[in-house]
**Q** 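Supplied in structure tokens, the structure appears directly below.
Quick note: numbers below take in every heavy atom, side chains included, and nothing from hydrogens, waters or symmetry partners.
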Protein chains: 4
Amino acid sequence: MPERDSRYARRLEEILAHATEVFNDKGYEGASMRDLSRATGMSLAGLYYYFESKEKLLYLIQKHTFETIIARLRERLSAARDPEQRIRIFIQNHLEYFLANQKGMKVLTHEDEALKDKYAEEVRALKREYYRVCLGIVEEFLKLRGNGRLVRSGAAKQRSESIEVRGDITPRIAVLSLFGMMNWIYTWHNPRIDADAGALAQQMGDIFLDGIRNQQRAAGSAARK
Amino acid sequence: MPERDSRYARRLEEILAHATEVFNDKGYEGASMRDLSRATGMSLAGLYYYFESKEKLLYLIQKHTFETIIARLRERLSAARDPEQRIRIFIQNHLEYFLANQKGMKVLTHEDEALKDKYAEEVRALKREYYRVCLGIVEEFLKLRGNGRLVRSGAAKQRSESIEVRGDITPRIAVLSLFGMMNWIYTWHNPRIDADAGALAQQMGDIFLDGIRNQQRAAGSAARK
Amino acid sequence: MPERDSRYARRLEEILAHATEVFNDKGYEGASMRDLSRATGMSLAGLYYYFESKEKLLYLIQKHTFETIIARLRERLSAARDPEQRIRIFIQNHLEYFLANQKGMKVLTHEDEALKDKYAEEVRALKREYYRVCLGIVEEFLKLRGNGRLVRSGAAKQRSESIEVRGDITPRIAVLSLFGMMNWIYTWHNPRIDADAGALAQQMGDIFLDGIRNQQRAAGSAARK
Amino acid sequence: MPERDSRYARRLEEILAHATEVFNDKGYEGASMRDLSRATGMSLAGLYYYFESKEKLLYLIQKHTFETIIARLRERLSAARDPEQRIRIFIQNHLEYFLANQKGMKVLTHEDEALKDKYAEEVRALKREYYRVCLGIVEEFLKLRGNGRLVRSGAAKQRSESIEVRGDITPRIAVLSLFGMMNWIYTWHNPRIDADAGALAQQMGDIFLDGIRNQQRAAGSAARK
DNA sequence: TATGAATGAGTGTTCATTCAT
DNA sequence: TATGAATGAACACTCATTCAT
């Protein structure tokens, strides 16, 4: 009976939407099932027909949010081969989704440690996956950049060496810094004041790319010492 | 009776230290006064001799943490005039304190919305102050750069072209991006794997400074219009 | 429509069987309708087509169990006239049914006070009836013993007096002790270790009958003083 | 501060007394903490100052009841050597305590399976201990009886053999039957109608002892076949 | 200074039951 | 004949906080 199933799914989605809002406003711990009951207009007991626990609810929100952002990313990424462009796509995708689904993304971002055991593990896996996609692109970008220099010096075959040689920004730190930049927006972004996702992506992309491109780094770094 | 006062102060500090740890581990909402009682070895009722509420406790922690980091910053900053150097000092100070007082900084950073009314306002004021210090330095940096460009002008055409596509960076976004980079470390920094504060400050400083340095940006931006 | 009725009855019986098991395992209070739903494979709401409440369910189980054991008893009893034999039949019937329907009997025995008002009264009536059957047989047995002695020995006044004086075993206590012996088995009987119903009935019958036969009581009692 | 401790202990005892009553009336599962709160006149939360859970409460009641009855038994038993007398002491002690502490004993007897894990194990251990004391006495009694016959036939040295020879009531069944008789009284004893502990012990003792004494059994049993 | 004792309000969750379909 | 969806009331338990001592 697809009629029924879709009804259930629609109702569940509604609840998830309300829950996302409530978790966003009060935090996961701070939000009570009674808050949720009020927000959804459904009885306390009624909620439990749709999921077995508050934790499961958070899990569903986080999972859905993550899977959606990853799916969109993969789609957009499939069209581009240039590393710089791919990084820009990553940033654009992230910020666009973040600002369009601010509440869900904040819940995903802020309620990082609320889940336990199996649920936590599953979401952590998605996170790792997402992180690795980004890491891959950034490494590609750095390798190309690095290779330019390294080709001349002839030697290092491995990507990791080429990067170490520069004694410089590691891909891990670069990627995590980028995530920081982007995720932090939930603490400050004001749609009435601040630029939209496109402009923000542009600026953060500029900072990040120029930041790790660092053609003049050698000189600068040397000068500092 | 200074004897008494200092004893009181010492005891309070101990409690704050334990509370910081507990809030760090369980979150403000997730931590119970009983957890605190256990952590301090003091009776539940005894704690209330030192502060009137759980919220006040969080306030004291956040205020103390903020005031300390600001004080240290001012001291270090007083020695330097060069904008780049001042930005590097800011970053270094922030990360150094962050990693040395990870738990307090996480509580400060993560429990942003737990405080209400007067307490919230006070901490927000400190935050604004801290933000403005950073903003001031960054603006100075950007202004000089801007001037520099105008003076030298003319030059690098090929570079500017590669940048053309890019939009301009506002100081607000720059600063908030920097804060994002830095504050985000509480979610990932692993002392056994990751670099220490100095190296981290170096890398983040490189990314940020190169990222906003972009002498040729103006031209590119102009080209877009 | 007998077709329908028999289907209904069959289904009800299945449910009763599962419910018996669940009540046996978790107790009446401890068992939830959801447990039942799970055990029967029927939906929660579906169960209510067959009985109007959880209490009614318990009532049906208890009533059915009691009526069955009483019916079997009456049939077996109809064949025997000798009081001792009749007592042995009672015990045999009880234990046989108890061990063959351990779960139902435990529910009957253990969930004595769960029913209220009309249901309680009905089951209590069955219980009283069952008790009175047993009481009747035991009284018969004791009367014959007593009469037999008095008639034959004609003389022995002192004995009969000694019995009165001693406030000897009353039929009520005898019967209730017998029920205790028998009903208690649900707390200890282990089919892998313990004897089967027949052997158990033999032993308990021996204890009970010799225990109330007490031809040598006077002497023993006197000796005790 | 013995003042304080004794106060705590006294209060705890009061609560245990009320809880015993409530568990007796409604059963463990059927009794709610609110019922207890009402019965004690203490707030719901206040109760938790004295024990950490409803289960612990049941445990405390069961443990205390069992330990008390065992302690009293050991004391009385220490004075007697004659097996029959010892059995009578056991019965007398059990029934006396049972009727004087009917509610506690019912809770002990009826709520057999409510406890879990460690608590259950502890109470089970006490129960086993109590059972074994009884078993020991009964075996002694049967051995002496049996020896009388066996001495003449010369052989069997071991207790177990002497009993097997009679192909009759096993000590285990005897003891468990006795427990059944005694424990069952919580389902029927009415102080206004029924005899007191002393008279009851007399009667049950008579039934049990004559029941297992069975000098004439061999003849009777043979006759039956 | 510090605590034992206590509380009202609230927590997440489960209960037996209902009713439109 | 049976179910999906929903509910009010209750569940055991914890919360931050208080107050006499």
**Q** C:Ser32 side chain N/O closer than 4.0 Å to the phosphate oxygens (OP1, OP2) of E:dT14?
**A**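 No, outside the criterion.
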**Q** Side chain of D:Tyr8: nearest nucleotide among F:dA12, F:dT7, E:dA5?
**A**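 Nearest to the side chain of D:Tyr8 among the choices is E:dA5.
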**Q** Can you measure C:Lys56 atom NZ to E:dT17 atom C1' for me and round it to whole angstrom units?
**A**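 Result: 16 Å.
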**Q** Would you check if the side chain of A:Thr109 reaches a backbone N or O of A:Met105 as a donor-acceptor pair within less than 3.5 Å?
**A**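 Yes: the side chain of A:Thr109 pairs with the backbone of A:Met105.
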**Q** Of C:Gly46 and A:Gly46, whose closest DNA chain F nucleotide lies nearer the 5' terminus?
**A**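 Here C:Gly46 is the residue nearer the 5' end.
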**Q** Grab the two heavy atoms, one from C:Lys54 and one from C:Ala31, that are nearest each other, plus how far apart they are.
**A**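 Nearest heavy atoms, C:Lys54 then C:Ala31: NZ-O, 2.7 Å.
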**Q** Tell me the interatomic distance from D:Met42, atom CE, to E:dG8, atom C1', rounded to whole angstroms.
**A**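 It is 15 Å, rounded to the nearest whole Å.
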**Q** Distance criterion of 3.5 Å, no angle test: do you see the side chain of A:Arg34 paired donor-to-acceptor with the base of E:dG12?
**A**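 A donor-acceptor contact between them is present.
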**Q** Quick check: on DNA chain E, is the nucleotide nearest C:Ala45 upstream (toward 5') of the one nearest C:Glu29, or the reverse? Name the residue that is more 5'.
**A**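 In this pair, the answer is C:Glu29.
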**Q** Rounded to whole angstroms, how far apart are CG on B:Leu47 and C1' on F:dC15?
**A**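 Taking CG of B:Leu47 and C1' of F:dC15, I get 14 Å after rounding.
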**Q** Taking the side chain of A:Ser43 as its heavy atoms from C-beta onward, which of F:dC13, F:dT7, F:dA5 lies nearest to it?
**A**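 Nearest to the side chain of A:Ser43 among the choices is F:dT7.
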**Q** Whole Å only: how far is the OH atom of C:Tyr48 from the P atom of F:dT3?
**A**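 Between P of F:dT3 and OH of C:Tyr48: 14 Å.
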**Q** Sort out the partner of E:dG8 for me: Watson-Crick or G-U wobble, both distances under 3.5 Å, none otherwise.
**A**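 Base partner found: F:dC15.
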**Q** Both distances below 3.5 Å, Watson-Crick or wobble geometry, any strand: find the nucleotide opposite F:dT21.
**A**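 The base-pairing partner of F:dT21, which may sit in any strand shown, is E:dA2.
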**Q** Say whether, by atom type as modelled, one donor and one acceptor occur between the side chain of A:Lys56 and the main chain of A:Phe51 under 3.5 angstrom.
**A**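 Judged by distance alone, no pair lies under 3.5 Å.
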**Q** Looking only at side-chain atoms of A:Tyr50, point me to the closest of F:dT7, E:dA16, F:dA5.
**A**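 Among F:dT7, E:dA16, F:dA5, the one nearest the side chain of A:Tyr50 is F:dA5.
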**Q** Quickly work out the C:Leu44 CG to F:dT7 P distance and round it to whole Å.
**A**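 Distance, rounded to whole Å: 15 Å.
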**Q** Roughly, in whole Å, what's the span from CZ in C:Arg11 to C1' in F:dT3?
**A**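 Nearest whole value for this atom pair: 13 Å.
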**Q** Taking only side-chain N and O atoms of A:Tyr49, does any of them lie within less than 4.0 angstrom of OP1 or OP2 on F:dA6?
**A**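 So the side-chain polar atoms of A:Tyr49 never come under 4.0 Å of the phosphate oxygens OP1 or OP2 of F:dA6.
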**Q** When you measure from the side chain of A:Glu55 to the backbone N and O of A:Lys116, does any donor-acceptor pair fall under 3.5 Å?
**A**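 Yes, because the side chain of A:Glu55 sits within donor-acceptor range (under 3.5 Å) of the backbone of A:Lys116.
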**Q** Rounded to whole Å, how long is the line connecting atom CD of D:Glu52 with atom P of F:dT14?
**A**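 Rounded to the whole Å, the gap is 9 Å.
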**Q** Would you say the side-chain atoms of D:Gln62 pair up with the backbone N or O of D:Glu111, donor to acceptor, closer than 3.5 Å?
**A**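 Flag set: sc D:Gln62 to bb D:Glu111 pair under 3.5 Å.
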**Q** Judged by each residue's nearest nucleotide on DNA chain F, which is more toward the 5′ side, B:Tyr28 or D:Ser53?
**A**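 The residue mapped nearer the 5' terminus is D:Ser53.
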**Q** What is the distance, to the nearest angstrom, from the CE atom on B:Met33 to the C1' atom on E:dG4?
**A**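 Interatomic distance, CE of B:Met33 to C1' of E:dG4: 16 Å.
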